[in-house]
Amino acid sequence: MLGYYFQYNFVIYALIVGVLVSLCASLLGVTLVLKRYSFIGDGLSHVAFGAMAIATVLKLSNINILVMPVTIVVAILLLRTGSKTMLKGDAAIAMLSVTSLAFGYMLMNVFSTASNVTGDVCSTLFGSTSILTLDMEEVILCIVLSVIVIAVYVFFYNKIFAVTFDETFCNATGVPATRYNLLIAMIIAVIIVLGMNLVGSLLISALIVFPALAAMRLSGTFKGVTILSVVFSVVCALSGMIFSILYSTPAGATIVTMDLICFLIALLVGKLIKK
């Protein structure tokens, strides 16, 4: 039965995009969780929703023209202020998240561009069938951006590793921690914008956090956690999308459910191993 669906290009496109987005999210997820920046992913996804609402009202042919730059700029601002005032940063992110959601929803209602605004908002927040209606241009864009993200991560792996654990030592040894934090922020913003079609703006942070947390239950090294996180994320994305296609469940919610199941299994296995 599953083979029947693979004859359609839109299914292949959806699986390719799903795997690439999940892979990229899991790479940076380890760093965000270890640096206790995981909440930034949630905040940025809400900012992206607000930017998407503005792009929709302006009737832009390609919403990423606005959404991507806005999300990247906000990510950089959050990381720059967060490094100096992290205690206040959490409150700033929470305030920004709520404001962006409210502003975006208000815009989409006041300047309604569709007959079913509630449905559009729900689809944007929780993901929709848009992942199954991708065209070749969108798939190519996702592939190009994903390759760039993976290449940057691999090339700067040692620097990202150092910044993750000890920024003070990095600065003392001549490695500009602030610069690499900004690089991480830009990559996170790109991943969030790419992932909104897959799981929606409210669920994108799950792709970043869950695989990393599951991997940490089973490995004690940065490289081991990163590799396991990638494996868990890709497997959960594939299984979630296949389940969604076969049983007509929401793609985003199904993938997040798979991530949760994976985390619970890893948690159980980790406790058994320690015994």
Side-chain angles (χ1 to χ4, degrees), residues 1-6 8 10-34 38 41-42 45 126-132 134 139 142-143 145-147 149-151 153-154 157 187-188 190-192 194-200 202-273:
M1 183 177 180
L2 184 60
Y4 168 77
Y5 290 99
F6 285 154
Y8 297 104
F10 69 86
V11 174
I12 303 299
Y13 292 164
L15 292 175
I16 291 173
V17 171
V19 168
L20 289 176
V21 172
S22 299
L23 192 158
C24 293
S26 62
L27 286 176
L28 270 297
V30 177
T31 295
L32 288 183
V33 171
L34 290 174
S38 54
D42 193 53
S45 66
F126 296 101
S128 66
T129 56
S130 60
I131 187 64
L132 297 176
L134 297 171
V139 175
C142 179
I143 292 174
L145 291 177
S146 297
V147 169
V149 168
I150 295 170
Y153 185 87
V154 172
Y157 173 81
I187 296 175
I188 295 165
V190 172
I191 293 170
I192 286 172
L194 288 177
M196 286 183 67
N197 274 338
L198 181 63
V199 297
L202 284 184
L203 302 179
I204 184 64
S205 58
L207 294 184
I208 296 173
V209 175
F210 273 126
L213 291 177
M216 289 175 187
R217 307 282 81 80
L218 302 177
S219 177
T221 65
F222 185 79
K223 181 179 291 187
V225 169
T226 302
I227 293 173
L228 282 178
S229 179
V230 169
V231 172
F232 291 158
S233 186
V234 170
V235 170
C236 288
L238 275 176
S239 58
M241 294 190 68
I242 290 173
F243 189 93
S244 173
I245 292 170
L246 290 177
Y247 298 101
S248 301
T249 58
T254 307
I255 293 173
V256 173
T257 300
M258 293 297 180
D259 280 321
L260 175 60
I261 293 173
C262 178
F263 169 73
L264 294 176
I265 293 174
L267 183 63
L268 178 61
V269 173
K271 288 185 177 180
L272 292 176
I273 292 176

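Here Ile255 contributes atom CD1 and Leu238 contributes atom CG; the two are 9.0 Å apart, rounded to the nearest 0.5 Å. Of the inter-residue distances, the one linking Ile208 atom CD1 with Ile192 atom CD1 reads 4.5 Å to the nearest 0.5 angstrom.
Looking only at distances, a side-chain donor or acceptor of Ser26 sits under 3.5 Å from a matching main-chain atom of Leu23. When atom types are taken as modelled, the side chain of Ser233 and the backbone of Ser22 share a donor-acceptor pair closer than 3.5 angstrom. Although no hydrogens or angles enter the test, the distance criterion places no donor-acceptor pair under 3.5 Å between the side chain of Ser219 and the main chain of Met216.
The shortest side-chain heavy-atom distance between Phe222 and Thr31 falls under the 4.5 Å cut-off. Looking at heavy atoms from C-beta onward, Arg217 lies out of side-chain contact with Val269 at the 4.5 angstrom threshold.
Annotation for Ser239 and Met258: closest pair OG-CG, 3.8 Å, computed over non-hydrogen atoms. Smallest separation of non-hydrogen atoms from Cys262 and Phe232: SG-CG, 3.6 Å. When every heavy atom of Asp259 is checked against every heavy atom of Ala206, the shortest pair comes out as OD2-O, 4.3 Å.
Ile265 pairs with exactly one of Leu267, Ile261, Leu268 by the side-chain contact (heavy atoms from CB on, under 4.5 Å) rule, that one being Ile261.
Among residues two or more places apart in sequence or in another chain, the side chain to side chain contact (heavy atoms under 4.5 Å, CB included) test is passed with Ile191 by Cys24, Ala25, Leu28, Val149, Ile187. Listed by chain and residue number, Tyr247 satisfy the ring-ring contact (aromatic ring centres under 6.0 Å, His included) test with Phe243 (two or more places apart in sequence, or in another chain).
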